[in-house]
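Let me begin by presenting the structure, written as structure tokens, before commenting on it.
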Number of protein chains: 2
Amino acid sequence: MNKAKKKIFADFIADRGLKTTRQRDIILDAFLASDRHLSIEDLYLKLRTSHPNIGYATVYRTLKLFAESGIAREIQFGDGQTRYEHVEQGEHHDHLVCTGCGAIIEFENEAIEKLQDKVAASHDFLIQYHKLELYGLCPKCRK
Amino acid sequence: MNKAKKKIFADFIADRGLKTTRQRDIILDAFLASDRHLSIEDLYLKLRTSHPNIGYATVYRTLKLFAESGIAREIQFGDGQTRYEHVEQGEHHDHLVCTGCGAIIEFENEAIEKLQDKVAASHDFLIQYHKLELYGLCPKCRK
DNA sequence: ATAATTGCAAATTCTTTGCACGACA
DNA sequence: TGTCGTGCAAAGAATTTGCAATTAT
């Protein structure tokens with residue numbers, strides 16, 4: 001599926017008349033090879049070891065492109081760090097966020113989504129996207 | 001109920017050995033008299049007209065105290081602005097956020113909360129709080 | 001060739017902090 | 001009187017932007 005994402009991004013780049021660059025390739029590989037919920041700093045530090053001269057700004061700009069192309073999504077857990085997660089087509093999930101260790105667990109729940117639709121409908125509201133996060137303690141941190 | 005909140009805050013101040021000040025009174029009044037979802041800047045600007053010499057820092061510090069005392073809660077809608085909302089005891093609600101005009105509509109849904117508890121339980125996760133936001137277009141912005 | 005991209009540093013934006021002065025208990 | 005709070009400006013933290021040099025089409 002990484003191949004598919006690479007294609008999506010390549011097409012996006014082409015459609016927009018943008019350019020394929022060494023940096024974008026490197027950042028894309030690092031992103032695809034990584035954790036599903038990555039802060040910009042995480043990715044930057046990870047890259048830095050093998051590619052010491054990639055700039056912070058380039059990472060920021062490239063991740064924004066990933067989000068625009070649809071292969072990534074920006075998420076915020078309220079700790080002041082923007083994170084990016086991988087987007088799988090047709091899939092949606094929400095998060096359990098551990099306030100102890102910062103672990104992030106994904107879940108999906110069809111029933112909750114249905115109820116959200118109902119709530120929206122009852123307010124005559126057209127949902128574009130949603131965010132559901134349950135904050136608390138993961139099994140380990142509960143001790 | 002504003003009276004109740006004032007008492008809660010006064011008690012909090014007393015318990016901590018802090019002091020009642022003119023600024024805290026003014027900011028509390030402005031907060032209680034305002035919209036349920038207020039950014040710090042909104043509140044600061046609102047205050048500025050009647051009390052031009054209240055500092056930004058004081059507003060920040062005071063809102064943090066409100067949150068600690070339990071009469072307010074910090075919320076973030078991902079636009080880089082921290083907002084504070086009023087807390088009613090025993091009440092919990094979630095938000096519909098209009099991406100067109102920024103309107104915020106509150107809702108409560110018992111069934112969704114129950115399902116959240118179930119999800120958490122199935123992951124052996126102890127929920128402390130949660131955040132559910134549905135982003136999209138409000139009736140007006142749908143046209 | 002031409003236009004986009006990069007890396008750096010400087011600029012922004014939001015929030016926090018240090019400190020001397022003033023106010024509350 | 002002693003401690004806490006305030007206002008200001010400076011410091012931080014995260015992110016964005018301007019620009020000259022570089023690179024992809």
Side-chain angles (χ1 to χ4, degrees), chain A residues 6 9-31 37-45 47-69 72-84 102, chain B residues 9-31 37-69 72-84 102:
Chain A
K6 284 189 181 187
F9 187 64
D11 290 350
F12 169 84
I13 288 293
D15 285 357
R16 289 252 192 139
L18 304 179
K19 288 169 180 170
T20 303
T21 67
R22 200 166 40 79
Q23 287 87 336
R24 286 178 181 162
D25 288 343
I26 291 167
I27 296 172
L28 180 53
D29 282 337
F31 175 70
H37 305 90
L38 203 65
S39 73
I40 296 166
E41 188 170 19
D42 289 341
L43 187 52
Y44 175 70
L45 291 177
L47 283 165
R48 201 157 186 61
T49 61
S50 41
H51 304 275
N53 45 358
I54 283 192
Y56 224 119
T58 301
V59 178
Y60 267 92
R61 291 188 274 228
T62 305
L63 284 172
K64 285 222 176 297
L65 288 179
F66 292 173
E68 284 183 67
S69 76
R73 176 170 26 234
E74 245 178 49
I75 46 175
Q76 316 230 180
F77 292 129
D79 62 350
Q81 291 250 144
T82 298
R83 261 162 254 265
Y84 284 84
Chain B
F9 187 63
D11 289 349
F12 169 83
I13 288 293
D15 284 357
R16 289 252 193 139
L18 304 179
K19 286 169 182 170
T20 303
T21 67
R22 199 166 41 81
Q23 287 88 334
R24 286 179 181 161
D25 288 342
I26 291 167
I27 297 172
L28 181 52
D29 280 338
F31 175 70
H37 304 90
L38 204 65
S39 73
I40 296 167
E41 189 171 17
D42 290 341
L43 187 52
Y44 175 68
L45 291 177
K46 188 172 164 178
L47 282 165
R48 200 155 187 65
T49 60
S50 41
H51 304 275
N53 46 357
I54 282 192
Y56 226 118
T58 301
V59 179
Y60 268 91
R61 290 188 275 229
T62 305
L63 284 172
K64 284 222 177 296
L65 287 180
F66 291 173
E68 284 183 68
S69 76
R73 177 167 31 232
E74 245 178 50
I75 46 175
Q76 317 232 178
F77 292 127
D79 62 349
Q81 290 251 142
T82 298
R83 260 163 256 265
Y84 284 84

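Chain letters run A, B, ... following the sequence lines, proteins first and then strands; every chain starts at 1.
Nearest-nucleotide positions on DNA chain C for A:Arg24 and A:Pro52 put A:Arg24 closer to the 5' end. Across the interface with DNA chain D, nearest-nucleotide mapping of B:Gly17 and A:Ala57 shows B:Gly17 to be the residue nearer the 5′ end. Both B:Lys64 and A:Leu65 lie near DNA chain C, and the one whose nearest nucleotide falls closer to the 5' end is A:Leu65.
For the pair A:Leu28 and A:Thr62, the minimum side-chain heavy-atom distance is 4.5 Å or more. Under the 4.5 Å side-chain criterion, counting only non-hydrogen atoms from C-beta, B:Glu68 is in contact with B:Arg16. Side chains of B:Glu74 and B:Leu63 form no contact here, defined as non-hydrogen atoms less than 4.5 Å apart.
Ion pairing between a basic and an acidic side chain is recognised when a charged N comes within 4.0 Å of a carboxylate O; A:Lys6 and A:Asp29 show such pairing.
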If you restrict it to nitrogen or oxygen atoms, what contacts under 3.5 Å exist between nucleotides 10-14 of chain D and the protein, and what is each distance?
{"unit_1": "D:dA14", "atom_1": "OP1", "unit_2": "A:Gln81", "atom_2": "OE1", "d": "3.4"}
{"unit_1": "D:dA14", "atom_1": "O3'", "unit_2": "A:Gly80", "atom_2": "O", "d": "3.4"}

N/O to N/O distances under 3.5 Å, protein versus nucleotides 21-25 of chain C:
{"unit_1": "C:dC24", "atom_1": "O3'", "unit_2": "B:Thr20", "atom_2": "O", "d": "3.3"}
{"unit_1": "C:dC24", "atom_1": "O2", "unit_2": "B:Lys19", "atom_2": "NZ", "d": "3.0"}
{"unit_1": "C:dA25", "atom_1": "OP1", "unit_2": "B:Thr20", "atom_2": "N", "d": "3.4"}

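At whole-Å resolution of the value, CG in B:Leu63 and P in C:dT16 are 11 Å apart. We find that CD1 of B:Ile13 is positioned 19 Å from P of D:dT3, with the value rounded to whole Å. If you take CD1 of A:Ile54 and P of C:dC8, they are 11 Å apart, rounded to a whole angstrom. One atom, CG of A:Leu47, and another, C1' of C:dT6, lie 14 Å apart when rounded to the nearest Å. Note: CZ (A:Phe12) to C1' (C:dA4) measures 14 Å, nearest angstrom. Distance CD (A:Gln76) to C1' (C:dC14): 13 Å, rounded to an integer number of Å. Regarding A:Asn53, its CG atom lies at a distance of 14 Å from the C1' atom of D:dT23, rounded to whole Å. Separating the CZ atom of B:Arg83 from the C1' atom of C:dC14 is a distance of 13 Å, rounded to the nearest angstrom.
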**Request:** Walk me through it: do B:Phe66 and B:Phe31 pass the test ring pair (Phe, Tyr, Trp, His ring centres under 6.0 Å)?
**Result:** CA-CA 10 Å; B:Phe66 291 173; B:Phe31 175 70; 5.6 Å; yes
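In the set D:dG7, C:dT16, C:dT15, the nucleotide with an atom closest to the side chain of B:Ile40 is C:dT15. The side chain of A:Arg61 sits closest to C:dC8 out of C:dC8, D:dT16, C:dT16.
With sequence neighbours left out, A:Asp42 forms a side chain to side chain contact (heavy atoms under 4.5 Å, CB included) with A:Leu38, A:Ser39. With sequence neighbours excluded, the residues that form a side chain to side chain contact (heavy atoms under 4.5 Å, CB included) with A:Ser69 are A:Phe9, A:Phe12, A:Ile71. Take A:Tyr60 and apply the side chain to side chain contact (heavy atoms under 4.5 Å, CB included) test, not counting sequence neighbours, and it matches A:Ile40, A:Tyr56.
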Check residues 43-51 of chain B and write down every donor-acceptor pair under 3.5 Å in which the side-chain atom is one partner and the other belongs to a residue at least two apart or another chain.
{"unit_1": "B:Tyr44", "atom_1": "OH", "unit_2": "B:Arg48", "atom_2": "NH1", "d": "2.7"}
{"unit_1": "B:Arg48", "atom_1": "NH1", "unit_2": "B:Pro52", "atom_2": "O", "d": "3.1"}
{"unit_1": "B:Thr49", "atom_1": "OG1", "unit_2": "B:Lys46", "atom_2": "O", "d": "3.0"}
{"unit_1": "B:Ser50", "atom_1": "OG", "unit_2": "B:Leu47", "atom_2": "O", "d": "3.4"}

